Amino acid sequence: MPNPAQVFSLTDCNSFYASCERVFRPDLAKTPIVVLSNNDGCVIARSYDAKPFVKMGAPYFQIKDIVRQRGIQVFSSNYALYGDMSERVMTIVESMTDSCETYSIDEIFSDLSGMPGDLDALGRRIRATVLRCTGIPVGVGIATTKTLAKLANHTAKRLQTQTGGVVNICDDFKRDWVLRNTDVSEVWGIGRRLKAHLTELRINSAMDLARADPQMLRNKFSVVVEKTARELRGTACLELEEAAPAKHEICCSRAFGKRLTDLQPIKEAVATYMMRASEKLRAQRSLCRKIRVSIRTGMFNPNEAKFANGALIELPYPTDDVRILTKTALGAVEQVFRPGFNYSKAEVLLLNLCRRGEFTEDLFATSQPESTDRIMGVMDQINGRWGRGTLRSASVPAAPEWAMRREFLSQSYTTRLDQLWQVS
DNA sequence: TCTGGGGTCCTAGGACCC
DNA sequence: TCTGGGGTCCTAGGACCC
């Protein structure tokens, strides 16, 4: 049987962050691993053998006992490591397929349309090559739409031993088996709320959703759900997006390593977050016209007074100048800060982004001076070469008191010369 | 004591215009 | 005195993803 006209694959790394840690710690091959979010807050990745003991998203302080009892190895997030390992995996998949879309740090879609030969065999080759070259195990799902490829991938993970980590459901019979045997909540795009609503309509399996009336789905929910159902039937509604489009908003938001009560350290944090946000802005060659700065107290502890406040500020002209952005943001912090609260988090949002040269110049509008472009360019170059924060605004401290908690951080094995893997 | 961070898309409703 | 209706733009909020 010839391959269908349109075919997608989804390659997805298994327990990605946990797998990255394990690559450099072969002594932990048989030890369950969990990786925590920033500030060692909650669980965001679990190795296969840790899943039975620890729930995804569980706060670390609640699982300490289990961790000790089961001998689970805990890691703080090490995004320098995960980002670099991700690039290696993506490069390999890109070299083996014609066109690709990197969907997230651990997932990549490929367009296999028109590829000759046995697609299952190609899937197995991808899996074997990535494992051999990076040490990261992946699953591969193959199908005629992106939503079905996601589902195939999910099945490959769920039935790891039977499938060898590769599932191809281009065949109608296999596709229908998977649809019938998958809960609708496992479908890409169906979250908790929709699941509850669909249950009321007696739509329980992926097959039920595929067979539901598209018009009804559009009326009751939205075009998004309608498209999902059509994709499950095999009608492609989503295309491969090879070039990542420029972001419409850029955000840098982080909880502090400890509660802050004074204005000064909060201003330091906001200046730091703005530095990071403006780096992202310049990296995609955009300018920003509005910013929003917000701060808040903890929201979980019932004994803590709750407060949240933010300010939206329009800039005099579209800019990517970290000096103007920081000055504006610090003014905003003063505006929103109220004494007497324990603040836990600040957020900087860059809004109304436009590509360089795209905005309409009105006669009286000032635009960013050329000297700024040169200064920002040199600063980004220096920081790119010598590390983030080498050159920074005076309002950004090197070792702040409010720094992120990262008690279980591994080395940056692949991106720092002074932290290379050592074999003795 | 301790509960992540960064995005997307869609829809509804208000403001405003003619 | 008459108090419509269609269109656009913007914003806030909801839902989802990893």
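Everything numeric here is computed off the predicted structure, so don't read it as measured data. Letters A, B, ... mirror the listed sequences (proteins, then strands); counts begin at 1.
For the pair A:K345 and A:F256, the NZ or CZ position fails the cation-pi test of under 6.0 Å to the six-membered ring centre and within 45 degrees of the ring normal.
Which of B:dG7, B:dT3, B:dG5 sits closest to the side chain of A:R259 comes down to B:dT3. Distance from the side chain of A:A255 is smallest to B:dG5 among C:dC18, B:dT3, B:dG5. Side chain of A:E249, nearest nucleotide from B:dT8, B:dT3, C:dC18: B:dT8. Closest approach to the A:S253 side chain among B:dG6, B:dG4, B:dC10 is made by B:dG6 (side chain taken as heavy atoms from C-beta onward). The side chain of A:F61 sits closest to B:dT3 out of B:dC10, B:dT3, B:dC9. Distance from the side chain of A:K345 is smallest to B:dG5 among B:dC2, B:dG5, B:dT3. Considering only the side chain of A:F300, B:dG4 comes nearest among B:dG5, C:dC18, B:dG4. Each of B:dT11, B:dT3, B:dG5 was ranked by its minimum atom distance to the side chain of A:S222; first place goes to B:dT11. Listed candidates were B:dG6, C:dC17, B:dC2. Nearest to the side chain of A:C251 is B:dG6. With distances taken from any side-chain atom of A:R254 to the nucleotides B:dG4, B:dC10, B:dG6, the minimum falls on B:dG6.
Nucleic acid contact class of A:K247 (heavy atoms, under 4.0 Å, all strands): sugar-phosphate only. Within the nucleic acid shown, A:E107 comes within 4.0 Å of sugar-phosphate atoms alone, with no base atom in reach, counting heavy atoms only. Using a 4.0 Å heavy-atom criterion, one finds that A:D40 contacts no nucleic acid atom at all.
The local environment of NZ in A:K220 is sparse, with at most 12 non-hydrogen atoms from other residues, nucleotides or ligands closer than 6.0 Å.
Atom P of nucleotide B:dG6 and atom CZ of A:R292 are separated by 15 Å, given to the nearest angstrom. Spacing between atom NZ of A:K227 and atom P of B:dT8 amounts to 16 Å, rounded to whole angstrom units. Distance A:E407 CD to B:dT3 C1': 16 Å, rounded to the nearest Å. Rounded to whole Å, atom C1' of B:dT1 lies 12 Å from atom CG of A:N342. In this structure, A:I250 atom CD1 and B:dG5 atom P are separated by 18 Å, rounded to whole Å. Rounded to an integer number of Å, the gap from A:L351 CG to B:dT8 P is 11 Å. Atom CG of A:N303 and atom C1' of B:dC2 are 14 Å apart (whole Å). A straight line from CD of A:E101 to C1' of C:dC17 spans 13 Å, rounded to a whole angstrom.
Heavy-atom distances to DNA chain B give each of A:K280 and A:C42 a nearest nucleotide, and the one nearer the 5′ end belongs to A:C42.
Taken from CD1 in A:I92 to CZ in A:R132, the straight-line distance is 8.5 Å, to the nearest 0.5 Å.
Checked against a 6.0 Å centroid threshold, the rings of A:F307 and A:F337 do not count as neighbours. Residues A:F24 and A:Y413 place their aromatic rings such that the two centres sit under 6.0 Å apart. Between A:Y103 and A:W188, the ring center distance clears the sub-6.0 Å criterion.
Taking side-chain N and O atoms only, A:K290 has a distance below 4.0 Å to OP1 or OP2 of C:dT11. Put simply, A:N301 has no side-chain N or O that comes within less than 4.0 Å of OP1 or OP2 on B:dT3. Listed pair A:K220 / B:dT11 fails the phosphate criterion, with no side-chain N or O lying under 4.0 Å from OP1 or OP2.
A salt bridge does not link A:E347 with A:R296: none of the charged nitrogens is closer than 4.0 Å to a carboxylate oxygen. A salt bridge does not link A:R180 to A:D176: none of the charged side-chain nitrogens sits closer than 4.0 Å to a carboxylate oxygen. No salt bridge links A:D183 with A:R158; every basic N to acidic carboxylate O contact stays at or beyond 4.0 Å. With respect to the salt-bridge test (charged N to carboxylate O, under 4.0 angstrom), the residues A:E401 and A:K258 qualify.
For the segment residues 182-196 of chain A, residues with any heavy atom less than 4.0 angstrom from an atom of DNA chain C are, sorted by number, A:V187, A:W188, A:G189, A:I190, A:G191, A:R192, A:R193, A:L194.
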Discussion item. Can you give me the dot-bracket string for DNA chain B, 5' to 3', counting Watson-Crick and G-U wobble pairs with both distances under 3.5 Å, using [ ] for crossing pairs and | for partners on another strand?
Written reply: ....||||||||||||||
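Annotation: side chain of A:R175 is not in contact with side chain of A:C170 (no heavy-atom distance under 4.5 Å).
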